[in-house]
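First the structure, in the form of structure tokens, and then the observations on it.
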Number of protein chains: 2
Amino acid sequence: MTFSEENYLKSIYALQKEHPKGVSTNVLSKYLDTKPASATEMIKKLDEKGLVHYQPYQGVILKDSGAVSALKIIRKHRLWETFLANKLDFSWDEIHDVAEQLEHIKSDKLIRELDKFLGYPKHDPHGDPIPDEEGNVVKMEKKRVSQLNPGDIGTCIGVNDTSSSFLQFLDQQNIRLGSVIHILSVQEFDKSMTVRIDDRELLLSQIATEHIYVRV
Amino acid sequence: MTFSEENYLKSIYALQKEHPKGVSTNVLSKYLDTKPASATEMIKKLDEKGLVHYQPYQGVILKDSGAVSALKIIRKHRLWETFLANKLDFSWDEIHDVAEQLEHIKSDKLIRELDKFLGYPKHDPHGDPIPDEEGNVVKMEKKRVSQLNPGDIGTCIGVNDTSSSFLQFLDQQNIRLGSVIHILSVQEFDKSMTVRIDDRELLLSQIATEHIYVRV
DNA sequence: TATATTTTTTAGGTTTGCCTAAATTTTAAT
DNA sequence: ATTAAAATTTAGGCAAACCTAAAAAATATA
């Protein structure tokens with residue numbers, strides 16, 4: 001499987017959640033920063049290989065074999081992201097681009113050994129689940145802080161906004177991956193929340209609570 | 001720089017030691033398992049980019065800029081080999097092919113962090129020196145086992161032959177980096193040597209003793 | 001030295017993955 | 001329902017990196 005085929009499969013997998021009845025060439029090419037004509041071409045090739053189901057003008061859907069292939073690439077991507085964040089000093093916003101390259105390295109042994117080396121992690125640094133060797137994904141309850149109620153407790157697993165101003169804010173407030181967030185109260189009028197993190201109480205605006213993901 | 005350009009530069013660098021007055025397209029294409037015509041094509045491109053000096057029919061030589069580029073790739077290759085051997089459970093004969101892929105990942109930060117993570121190693125698992133960020137290589141006093149005499153003691157620091165059959169042989173015989181080799185005797189007629197490694201005596205053929213490097 | 005052999009280059013072709021522009025189909029609007 | 005707009009596909013091209021076969025140059029041999 002070529003670099004490009006892998007990227008298309010991975011993209012179709014990602015876009016399928018939002019487009020369950022078929023990913024259009026338009027959507028796909030926008031996502032991959034190519035042109036619709038290029039997407040059509042590749043989709044036809046993947047269809048001939050039996051990895052996707054393609055009906056002209058109706059978009060594309062992954063077949064089981066295609067989904068398994070996509071999940072293998074996603075597994076590699078997330079293991080590499082975990083490596084970069086946990087073993088090397090990469091920050092949240094730096095890991096994606098490098099993992100995007102590393103995910104295409106072809107070696108089953110490498111990925112098995114990497115998994116072992118990392119201690120068989122279940123989630124990547126963004127909180128997304130890492131598929132196992134067969135492509136099984138553990139579904140996880142990922143919620144925004146804004147969806148929690150007073151008394152709830154969540155573990156920070158990621159963010160929705162990677163602007164440096166937001167990441168700086170998180171840094172200043174000592175909010176990081178793994179931070180345990182206790183919801184104390186919610187202000188009715190502006191939906192801001194009082195929370196406790198590491199024995200410190202602080203107030204988060206609605207904007208902030210909508211951009212922080214937690215595992216409950 | 002493309003994947004392919006990088007491979008050509010690395011190969012020219014490796015072949016230059018044996019062909020100091022110019023690497024021919026024939027030699028280069030054999031090394032890379034392509035055809036001479038393909039080598040000519042690529043060499044012309046690298047010449048236009050100012051990385052090599054090419055005279056038709058006279059072979060190719062790296063310019064300084066080309067050598068620096070080659071050494072950067074070699075640095076990446078050797079750091080990845082060190083990672084695979086030291087951090088993951090890869091054996092000598094398994095690391096080369098995977099490192100061959102990993103060496104093309106583009107990220108300065110990645111390679112700096114990897115270097116740090118590995119503790120700034122000076123040599124890779126084969127005993128070859130790892131160039132620094134500027135492309136400087138430390139030369140080392142290394143001898144072949146075949147150059148030693150009975151009574152001499154050497155510490156294994158590398159090999160000359162990276163064929164998987166040879167590396168597998170070393171693995172089976174428990175000969176690895178750091179192994180202390182005592183020379184017991186040399187057979188006059190075939191130059192084979194009886195040596196002691198870890199309290200085990202074994203016989204090494206001349207071929208083998210010429211491919212194992214030691215620090216004395 | 002002249003010829004034969006080998007090496008290298010040139011010329012033209014293939015595949016992959018991208019592109020633009022034109023044609024077609026689907027969807028939306030009147 | 002018909003027409004206008006948008007999305008999709010087809011057709012024809014381009015660049016990279018490979019190839020084969022033929023031409024040209026260098027080297028070896030008689």
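With no hydrogens or angles considered, a side-chain donor-acceptor pair links B:D93 and B:S91 at under 3.5 Å. With 3.5 Å as the limit, one finds no donor-acceptor pair spanning the side chains of A:E41 and A:S38. Side chains of B:H77 and B:D124: a donor-acceptor N/O pair is absent below 3.5 angstrom, by distance only.
Between A:K35 and C:dA21, a side-chain N or O to OP1/OP2 separation shorter than 4.0 Å is absent. Put simply, B:T40 has no side-chain N or O that comes within less than 4.0 Å of OP1 or OP2 on C:dT10. For D:dA6, the OP1/OP2 oxygens have no side-chain nitrogen or oxygen of A:N26 closer than 4.0 Å. Applying the 4.0 Å criterion to OP1 and OP2 of C:dT8, one finds that B:T25 has a side-chain N or O inside that range. Within the 4.0 Å cut-off from OP1 or OP2 of D:dC18, not a single side-chain nitrogen or oxygen of B:T34 is found. Side-chain N/O atoms of A:Y57 include none lying less than 4.0 angstrom from OP1 or OP2 on D:dT10. Contact check, A:Y54 against D:dT9: a side-chain N or O comes under 4.0 Å of OP1 or OP2. Proximity of A:S4 to the phosphate of C:dC18: a side-chain N or O atom is located under 4.0 Å from OP1 or OP2. Regarding contacts with the backbone of C:dT7, every side-chain N or O of B:S24 stays at 4.0 angstrom or more from both OP1 and OP2.
A straight line from CD of A:E5 to P of C:dT15 spans 15 Å, rounded to a whole angstrom. Whole-Å rounding puts the A:I43 CD1 to D:dA7 C1' distance at 13 Å. As a whole-Å value, the separation of B:H104 NE2 from D:dA16 P is 18 Å. The separation between B:K44 atom NZ and C:dT9 atom P is 8 Å, rounded to whole Å. A straight line from CG of B:L32 to C1' of D:dC18 spans 12 Å, rounded to a whole angstrom. Rounded to an integer number of Å, the gap from B:K49 NZ to D:dA16 P is 8 Å. Atom CZ in B:F3 sits about 14 Å away from atom P in C:dG17, given to the nearest Å. Following rounding to the nearest Å, A:Q58 (CD) and C:dT26 (P) show an atom-to-atom distance of 7 Å.
Minimum atom distance to the side chain of A:A37 is reached by C:dT20, of the listed D:dA17, C:dT20, C:dA11.
Residue contacts for A:P36: at a heavy-atom cut-off of 4.0 Å it reaches a base atom on one of the strands shown. Residue contacts for A:A39: at a heavy-atom cut-off of 4.0 Å it reaches no nucleic acid atom on any strand shown.
The 5' end of DNA chain C is approached more closely, in terms of each residue's nearest nucleotide, by B:E41 than by the other of B:E41 and A:Y8.
A cation-pi arrangement, defined by a distance under 6.0 Å to the six-membered ring centre and an angle within 45 degrees of its axis, is present between A:K87 and A:F117. A cation-pi arrangement is present between B:K109 and A:F90 under the rule of less than 6.0 angstrom and at most 45 degrees off the ring axis.
Aromatic ring centres of A:Y13 and A:Y8 lie farther apart than the 6.0 Å criterion allows.
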